[in-house]
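So the structure is just underneath, and the comments pick up after that.
Chain letters run A, B, ... following the sequence lines, proteins first and then strands; every chain starts at 1.
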Protein chains: 2
Amino acid sequence: MNEIHLSNNQKELIEKFGVFLESKGWQPAIARVLGLLMISDTNELTFDQIREVLHLSKSATSSALNFLLNTNKIEYITKTGERKRYFRIRQIMFEDILKEEQDMRHKFISVLKEVHELKESKNLNGLCETIKDVIDYLEFTNNHLPKLYAEWVSNRRK
Amino acid sequence: MNEIHLSNNQKELIEKFGVFLESKGWQPAIARVLGLLMISDTNELTFDQIREVLHLSKSATSSALNFLLNTNKIEYITKTGERKRYFRIRQIMFEDILKEEQDMRHKFISVLKEVHELKESKNLNGLCETIKDVIDYLEFTNNHLPKLYAEWVSNRRK
DNA sequence: CTTTTGGTTCTGCAAATACAGAACTAAAAG
DNA sequence: CTTTTAGTTCTGTATTTGCAGAACCAAAAG
């Protein structure tokens with residue numbers, strides 16, 4: 001069956017990463033699978049390898065992998081003559097996570113704008129001004145982040 | 001009893017804001033209370049006013065308010081000769097929310113650093129390089145955000 | 001001293017979550 | 001045709017969450 005082995009360091013790190021993702025609303029098992037694929041020495045792991053090291057049921061493994069596939073966090077490769085799939089992290093996953101943060105800020109901005117509009121139409125000051133500032137600041141940073149990214153790209157590879 | 005009244009617009013907006021906060025991991029009732037304090041025409045609301053418009057139980061209202069007080073999202077004022085408290089949004093709340101995002105990124109960075117360290121020590125390339133880049137980028141933006149904030153402050157009040 | 005006000009705290013429960021286990025399936029191997 | 005492989009799907013359930021309800025309490029009013 002070709003089981004893989006994890007050091008204690010690796011196990012702890014997978015849990016730590018898992019807890020972090022849980023705090024962001026992820027399901028425990030899904031978080032562990034993603035963590036495993038990130039931390040394991042072997043980049044590509046099979047269904048059963050994942051199931052065994054993480055002590056998950058087949059159903060949990062299956063739905064975790066499908067969730068991660070559907071949300072573009074992982075992908076799989078196959079090998080000629082083998083039916084099983086080898087799952088691995090999609091490199092772009094990290095960019096996706098940052099993009100999700102950006103989306104979150106956009107949603108925040110859009111609710112705040114609605115609140116501001118409603119309050120402004122009633123000439124309610126105080127909070128209204130604060131909200132306006134927050135919107136302003138969020139939009140300002142959101143507009144500057146792409147530039148910052150470009151700057152980083154051009155500076156990194158010396 | 002002095003009940004307050006909300007327009008349909010306001011009710012919907014409170015729910016919308018509530019759903020947004022739920023997606024960030026907040027409990028429904030707590031999210032509604034914060035939304036109410038932000039959206040209501042009256043800035044300061046009493047325990048019973050909040051309880052009544054939101055159709056919450058006393059216990060839910062109590063624990064929501066205490067949570068929001070403990071996490072510095074709201075504060076209360078009192079009026080001479082009255083025992084009851086008037087709750088309101090803390091203006092700084094918004095800055096806090098942004099700060100919490102920053103903290104989240106820091107936590108992300110610190111786990112990624114551990115992962116990177118472990119992988120680097122084993123000369124595992126591929127993912128390792130990607131992780132290094134993500135760490136780099138996150139730190140880069142985190143370092144530039146304060147400058148961006150300063151820039152925004154100096155530009156806003158013409 | 002009794003009642004009212006403005007809450008707090010404790011207990012219980014309905015609903016949602018997150019997973020295990022077993023039955024199932026489709027393709028390939030024997 | 002039977003068995004094995006590589007999963008998927010369905011059902012059940014332990015655990016957690018999020019709140020209601022009732023009992024409780026301290027300060028003020030009557």
Side-chain angles (χ1 to χ4, degrees), chain A residues 1-4 14-15 17-37 44-71 73-88, chain B residues 1-4 14-15 18-37 44-71 74-88:
Chain A
M1 272 68 175
N2 210 343
E3 301 116 19
I4 64 158
I14 290 172
E15 292 307 314
F17 183 66
V19 169
F20 171 74
L21 288 186
E22 281 182 52
S23 81
K24 295 196 61 147
W26 291 55
Q27 288 185 209
I30 297 180
R32 301 304 179 283
V33 172
L34 191 64
L36 170 63
L37 290 175
E44 289 100 15
L45 297 179
T46 67
F47 187 99
D48 276 313
Q49 286 176 322
I50 294 167
R51 230 206 60 225
E52 273 162 18
V53 271
L54 295 181
H55 303 290
L56 288 175
S57 67
K58 288 179 118 192
S59 62
T61 310
S62 174
S63 62
L65 287 172
N66 283 319
F67 175 85
L68 292 171
L69 285 170
N70 290 332
T71 53
K73 300 295 178 285
I74 64 171
E75 61 192 0
Y76 64 84
I77 56 161
T78 48
K79 300 186 178 179
T80 41
E82 281 190 52
R83 193 144 63 93
K84 66 186 159 214
R85 299 179 284 179
Y86 291 82
F87 299 93
R88 68 178 179 200
Chain B
M1 273 57 176
N2 212 344
E3 302 116 19
I4 64 158
I14 290 172
E15 291 307 314
V19 169
F20 170 74
L21 288 185
E22 280 181 54
S23 81
K24 296 196 59 144
W26 291 55
Q27 290 186 207
I30 297 180
R32 301 306 180 279
V33 172
L34 192 65
L36 170 63
L37 289 175
E44 289 100 16
L45 296 179
T46 67
F47 187 99
D48 277 312
Q49 286 177 321
I50 294 167
R51 231 206 60 226
E52 275 163 16
V53 271
L54 294 182
H55 303 290
L56 289 175
S57 68
K58 287 179 117 193
S59 63
T61 310
S62 175
S63 62
L65 287 172
N66 283 319
F67 174 85
L68 292 170
L69 285 170
N70 290 332
T71 53
I74 64 170
E75 61 192 358
Y76 64 85
I77 55 161
T78 48
K79 300 187 179 178
T80 40
E82 282 191 50
R83 192 145 64 93
K84 65 185 161 220
R85 299 179 284 179
Y86 291 82
F87 299 92
R88 68 179 180 200

- Query: Taking for each residue the nucleotide of DNA chain C bearing the nearest heavy atom, is the 5' side occupied by A:W26 or by B:K84?
  - Reply: B:K84

- Which atom names give the shortest non-hydrogen contact between A:T61 and A:R51, and what distance separates them? OG1-CG, 2.9 Å

- Task: Let me see the working for B:F47 and B:K84 under side chain to side chain contact (heavy atoms under 4.5 Å, CB included), right down to the final yes or no.
- Result: CA-CA 8 Å; B:F47 187 99; B:K84 65 185 161 220; over 6 Å; no

- Closest-nucleotide 5' rank along DNA chain C - winner of A:R83 and B:S62: B:S62

- Query: Expressed in angstrom and rounded to an integer, what is the separation of B:L45 atom CG from C:dG6 atom C1'?
  - Reply: 16 Å

- A:H55 NE2 to C:dA18 C1', in whole Å, measures 18 Å

- Nearest whole angstrom, please: distance from the P of C:dC19 to the CG of A:L65. 13 Å

- Starting at CG of A:L56 and ending at C1' of D:dT8, how long is that distance when rounded to a whole Å? 16 Å

- Query: Out of C:dA18, D:dC19, D:dT8, which nucleotide sits closest to the side chain of B:A29?
  - Reply: D:dC19

- If each of A:E82 and A:A60 is mapped to the nucleotide of DNA chain D with the nearest heavy atom, which maps nearer the 5' terminus, i.e. the 5' end? A:E82

- Note on the structure: Correct closest heavy-atom pair for B:L37 and B:I74 would be CD1-CG2, 3.7 Å

- Task: Whole angstrom is fine here: how far is it from CD in A:E22 over to P in D:dT17?
- Result: 10 Å

- Task: Return the nearest nucleotide to the side chain of A:F47; candidates are D:dC19, D:dT8, C:dG7.
- Result: D:dT8

- Task: Can you tell me the distance, in whole Å, between the NZ atom of A:K58 and the C1' atom of D:dT9?
- Result: 12 Å

- Task: For the side chain of B:S59, starting at C-beta, report the closest nucleotide among C:dA20, D:dT8, C:dC10.
- Result: C:dC10

- Query: Within a radius of less than 6.0 Å around OH of A:Y86, do more than 12 heavy atoms belonging to other residues, nucleotides or ligands occur?
  - Reply: yes

- Whole Å only: how far is the CG atom of B:N2 from the C1' atom of C:dT5? 15 Å

- Can you check the B:R51 CZ to C:dT8 P distance for me, whole Å? 13 Å

- Does the side chain of A:R85 get closer than 4.0 angstrom to OP1 or OP2 of D:dT8 through an N or O atom? yes

- So B:L34 and B:W26, side chain to side chain contact (heavy atoms under 4.5 Å, CB included) or not? Walk me through it. CA-CA 11 Å; B:L34 192 65; B:W26 291 55; 3.8 Å; yes

- OP1 or OP2 of C:dT17 sitting under 4.0 Å from any side-chain N/O of A:Q27? no

